[in-house]
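Take a look at the structure below.
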Amino acid sequence: MSQAIGNTALAYARVWHLVDARQRILGRMATRIATTLMGKHKPIYDPASDCGDYVVVINAKEVIVTGKKAEQKLYRHHTGYPGGLKEIVYKDLQEKKPDEIIRKAVSGMLPKNKLRENRLSRLYVFPDEENPYEQNITKIYDKTLFIKIKKKIKKI
């Protein structure tokens with residue numbers, strides 16, 4: 001007999017979330033995105049199943065980091081050839097590929113297993129406000145929205 005109770009198809013339905021990265025701190029934003037990609041915000045979360053949602057990030061050029069990370073943080077990759085270790089500073093990467101900064105931060109916060117690539121494939125990062133997925137988006141992450149909800153909870 002099945003253990004599922006109720007309409008589980010609705011629980012597994014993937015929702016599109018919009019995240020505006022303008023003036024957001026990179027690490028805090030990346031943790032929320034990783035949680036949404038994994039599906040931890042859903043009541044049916046299971047670490048072995050891929051039940052997360054889609055996330056669209058806009059304004060990736062305007063994400064901020066705290067302290068001196070803009071000058072000190074290094075992103076490294078290896079070409080595969082001897083002596084092929086390449087390093088790029090955060091500021092330079094932000095000018096050339098601002099989407100890679102958010103993608104690498106979220107990738108580092110996801111579990112290192114076979115579901116990681118599938119989850120990252122549902123992350124769409126755009127350097128500006130324009131994106132082709134505007135019709136799909138059903139939920140919007142907004143800092144002011146979270147503050148209003150917290151204030152209402154405190155009143156109750």
Side-chain angles (χ1 to χ4, degrees), residues 13-45 47 49-80 83-156:
R14 298 197 193 277
V15 179
W16 287 74
H17 299 265
L18 177 70
V19 178
D20 190 359
R22 180 180 287 133
Q23 298 302 313
R24 290 274 184 103
I25 297 173
L26 177 64
R28 292 172 190 228
M29 181 183 63
T31 55
R32 289 191 180 193
I33 293 172
T35 302
T36 305
L37 289 173
M38 286 188 282
K40 278 191 163 186
H41 63 289
K42 295 184 176 184
I44 51 134
Y45 171 70
S49 68
D50 193 12
C51 60
D53 293 339
Y54 291 92
V55 178
V56 178
V57 181
I58 58 173
N59 294 321
K61 289 191 296 190
E62 301 177 32
V63 70
I64 58 173
V65 290
T66 57
K68 296 182 180 180
K69 290 187 197 116
E71 296 88 23
Q72 294 176 350
K73 184 158 180 63
L74 293 174
Y75 291 94
R76 295 184 178 102
H77 71 278
H78 202 282
T79 62
L85 181 65
K86 302 292 181 184
E87 293 180 345
I88 186 165
V89 183
Y90 173 86
K91 276 187 174 180
D92 298 335
L93 191 61
Q94 191 173 21
E95 292 172 8
K96 294 178 184 175
K97 296 181 184 177
D99 56 324
E100 280 298 310
I101 292 173
I102 295 176
R103 188 170 302 280
K104 286 178 185 246
V106 172
S107 175
M109 294 183 186
L110 288 173
K112 282 67 174 174
N113 57 22
K114 291 183 180 182
L115 297 173
R116 185 183 203 181
E117 290 302 318
N118 292 338
R119 290 171 175 161
L120 278 174
S121 68
R122 289 195 309 273
L123 174 65
Y124 300 97
V125 185
F126 299 98
D128 298 320
E129 290 213 15
E130 299 146 3
N131 67 73
Y133 303 105
E134 290 179 8
Q135 286 87 20
N136 299 346
I137 294 168
T138 55
K139 292 190 177 183
I140 299 173
Y141 282 169
D142 188 14
K143 188 183 280 186
T144 57
L145 180 68
F146 291 123
I147 293 171
K148 288 178 184 177
I149 291 171
K150 286 181 182 178
K151 286 181 180 177
K152 286 182 182 179
I153 291 173
K154 287 181 182 177
K155 287 180 182 178
I156 297 173

Just wondering, do [Y] and [X] contact through their side chains at under 4.5 Å, heavy atoms?
X	Y	answer
Pro132	Phe126	yes
Lys42	Asp53	yes
Lys73	Val65	no

- Message: Please verify the inter-ring angle class for Tyr54 with Trp16; under 30° counts as parallel, over 60° as perpendicular, anything in between as tilted.
- Response: parallel
- Task: Tell me, with the steps shown, if Arg24 and Val19 meet side-chain contact (heavy atoms from CB on, under 4.5 Å).
- Result: CA-CA 10 Å; Arg24 290 274 184 103; Val19 178; 4.2 Å; yes
- Does the pair Asp50/Arg122 count as a salt bridge with the N-to-O cut at 4.0 Å? yes
To the nearest 0.5 Å, tell me how far [X] [atom1] sits from [Y] [atom2].
X	Y	atom1	atom2	result
Leu110	Thr31	CG	OG1	11.0 Å
Thr35	Tyr45	OG1	OH	9.0 Å
Ile137	Asn131	CD1	CG	5.0 Å
Leu74	Lys86	CG	NZ	14.5 Å
Glu62	Asp20	CD	CG	8.0 Å
Ile25	Ile64	CD1	CD1	5.5 Å

Could you report the tightest heavy-atom contact between [X] and [Y], atom names first, then the distance?
X	Y	result
Ala21	Val57	CB-CG1, 3.9 Å
Ile102	Ala60	CD1-CB, 3.7 Å
Val63	Tyr90	O-OH, 3.3 Å
Ile44	Cys51	CD1-CB, 4.2 Å
Pro98	Lys61	CG-CG, 3.6 Å

- Query: For Val15, does its backbone N or O pair with a side-chain atom of Lys139 as donor and acceptor, under 3.5 Å?
  - Reply: no
- Got more than 12 heavy atoms from elsewhere within 6.0 Å of CD, Glu130? no
- Give every residue pair that meets the ring pair (Phe, Tyr, Trp, His ring centres under 6.0 Å) criterion with at least one member in residues 98-121, sequence neighbours excluded. none
- Check against side-chain contact (heavy atoms from CB on, under 4.5 Å), Ile33 and Met109: CA-CA 9 Å; Ile33 293 172; Met109 294 183 186; over 6 Å; no
- Pairing residues for His41 by the ring pair (Phe, Tyr, Trp, His ring centres under 6.0 Å) criterion, not counting sequence neighbours: His17
- Query: Do any pairs count as a side chain to side chain donor-acceptor pair (under 3.5 Å) and have a residue in residues 93-114, sequence neighbours left out, and if so which ones?
  - Reply: Ser107-Arg116
